[in-house]
Each structure stands twice: as structure tokens, then as C-alpha cells.
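In what follows, a structure is listed as C-alpha cells, so that the remarks can point back to it.
Lettering follows sequence order; numbering is per chain, from 1. Quick note: numbers below take in every heavy atom, side chains included, and nothing from hydrogens, waters or symmetry partners.
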There are 2 protein chains.
Amino acid sequence: MNDDLLERYKDILSSKNYKLTSQRNSILQVLIENKNRHFSADELYKEVAKVNPDVGLATIYRNLEIFCRLGITHRLDFDNKYKYYELSVEGNHHHHLICVKCGNIIEFNDQVLEDFENEIEDFYDFKIIDHRIKFYGICEECRKEK
Amino acid sequence: MNDDLLERYKDILSSKNYKLTSQRNSILQVLIENKNRHFSADELYKEVAKVNPDVGLATIYRNLEIFCRLGITHRLDFDNKYKYYELSVEGNHHHHLICVKCGNIIEFNDQVLEDFENEIEDFYDFKIIDHRIKFYGICEECRKEK
DNA sequence: ATCGATGCAAACCTTTTGCATGCAG
DNA sequence: CTGCATGCAAAAGGTTTGCATCGAT
């Protein structure tokens, strides 16, 4: 299953004439092994280094940019100074609950929102192709503390 | 109405022992006059300069930080390198439709989502206090073009 | 053999911070 | 007066870029 994914991404790259370098392979590998995790560029850099130390940070950035453009990954903005990236795996669409106390981020899936989206599309004449939702609040742990 | 707002924000500042400087006044004034617009720090800096040239960029940053902490403003993250700020005016809660072609950002109001929020609160045991939603898509204009 | 991909380090640019001065309370 | 607020310029720090080299095709 993971191998299938890897092959699919490699196909996408080849079909767009991007070379299959060992660096790209390692980056994809790490992303796939952590399907439901999001990485800052630096976090990914360090994680990739464990598998393949010959990958520079600039290469991470350059490839994340390409991967996002090809739809392999997408970028997330939380409210800190980093940008985060995660694999765009279908059936893994999820959003984030951000605790304003401890900063912890909980992921959750949603199948709802379809009706809501349709309403908006009609009203604003805007064809929606994706959405990101962030809920801010206080997590279970932090509510216990006080 | 705008004056009421200004007074309210000044009260908040005073009550927290923040001084009412001419810089803070000018920044609030510009934000209030542009209630439903979001600014990057630099955009706000330039806009404030038209009214009061004696406001440095560092002051903009320092005060936006304070305003956000006091709930006067909140910060938005789109997918570029800037952070954006806008006034938190009740009854003006809105979200953003981001066109992936032209980058234009349309604001929209929502009263819905309450049910959805409650569901999430129960399931994840997470007390939600705010949310941000971004929809990506293609706007009317851009759909016409092709 | 070619030309895109990479590593390294420097450049970039937004945001933050140190410090002397200014001004609200 | 006192101490927070500000301006300026420098520093920080995440991201991008230039350039020589490497390596996939």
C-alpha cells in the first residue's frame, strides 16, 4: 500500500519530467511513512537525514514546492512562524484543532461540510475545490489542569 | 459607531494599563476605518503613515501583538509569507474564499457551523472558542476567462 | 553528454529585539 | 517624575537563490 503510493508519486514526477533522484525518493519515503503527520521544512529535513544524510535543507524546500504544485503535498499555516507540509492522500482529508493553551494540534476527519460548501458556491459564485478549517480551543488535558 | 468602537478599544487598553499613545490611536483609527479589510504589518504601516507619519514599523508589530492578545485584533495566515491582521468586530465574523488562480480573497459571513462545532466538541472533548475557515477555489472572474 | 538536481553558503525579507530617548499618567 | 512606549538600526531566523558540481536519463 505504501509502496503503491510511492510508485504513484514517482509516476507523477516522471510524467512531468522530474528526475527520480535519491533525495526525492527519501523525502517521499519519509512523508509516506508519516502519512497523517505534518512537518515543517526543518522537521522533515531532520527526519529525512536519518534515512539519507545526503539531503540538504534547500533540497527539502525546493522539492516541497514542486510536490505542492503537483498536488502530492499541500501546505498548512498555523499561527507560528513555520509553514507545514503534509501528504495529500485521498481518504485522509482532515482538519486541525489547535489548543490555544498548550499549542497541541489534534487532527480530525470530516465528511460533513458538503452542504455548507454547496451553499457558499451558489451564493458567491465561487467553485470550491478544497478547504482548510482550523478550530481554536482548549484541549482535554488543559481543561483538566485548571 | 466608529467612535464608539474606538472608545471601547481605548477602554480595554486603559484597563490593562496600556498607555494611550498617539501611535496606538492612529493604528486603531486606521483599523476601524477599514473594519472588513485585513492588513499585513507593512500594509498597515503604510496606511497609518498617511495619517500619522510618526509611527515606526516596529511599533506596528509591537502593538498588533498586544491587540491580538487583548482580542482587539486577530491574525490570519494565508499561504504567502506575510501574516495578516484584522479587527475582531462582533457581528463581523467571516471567513475567506481564496482563488487559487488570481489569489483574490473574498470574504464571507457564516452563521452556520454551530451544529458542526458541537459535534466536534463532543467527539474530541475539545472546547472550541474560535474557528477559521479557508475555502480554496476558482472565482467567478477566473472561471469566465478560460 | 546533457541539463536538471543538489549542496553549500550567501542573500533575502519579514519579524523581533536592544538601547537611548520620548511622553503618558 | 517614573516607567512604559517608541524609533532606529541591528539581529534573528525561516526561506530563497547563485553557482559550481553531481548524476539521472
How would you list, by chain and number, every residue that makes a side-chain contact (heavy atoms from CB on, under 4.5 Å) with A:Leu70, sequence neighbours excluded? A:Ile12, A:Leu13, A:Lys16, A:Tyr18, A:Ile66, A:Ile72
Looking at A:Asn17, I'd like to know whether one of its side-chain N or O atoms comes within less than 4.0 Å of OP1 or OP2 on D:dA24. no
Without decimals, in angstroms, what is the distance between B:Ile60 CD1 and D:dC8 C1'? 15 Å
Report, as a single string ordered 5' to 3', how protein heavy atoms within less than 4.0 Å touch nucleotides 13-25 of chain C: B base, S sugar-phosphate only, - not at all. -SBBBB-----BS
Just jot down the salt bridge (Lys or Arg N to Asp or Glu O under 4.0 Å) partners of B:Glu65, sequence neighbours excluded, or say none. B:Arg69
Does a side-chain heavy-atom distance below 4.5 Å link B:Thr73 with B:Glu86? no
Restricting to side-chain contact (heavy atoms from CB on, under 4.5 Å), what partner residues turn up for A:Thr21, sequence neighbours left out? A:Lys19, A:Gln23, A:Arg24
B:Asn63 CG to D:dC4 C1', straight-line distance once rounded to whole Å: 12 Å
Using side-chain contact (heavy atoms from CB on, under 4.5 Å) as the criterion, list what pairs up with A:Arg37, not counting sequence neighbours. A:Asn34, A:Phe39, A:Glu47
Using atom CZ of A:Arg24 as one end and atom P of C:dG4 as the other, report the distance to the nearest whole Å. 12 Å
To the nearest Å, how far apart are A:Asn25 CG and C:dT6 P? 11 Å
Suppose we screen for side-chain contact (heavy atoms from CB on, under 4.5 Å). Which residues come up paired with A:Tyr84, at least two apart in sequence or across chains? A:His38, A:Ser40, A:Glu43, A:Leu76, A:Phe78, A:Asn80, A:Tyr82
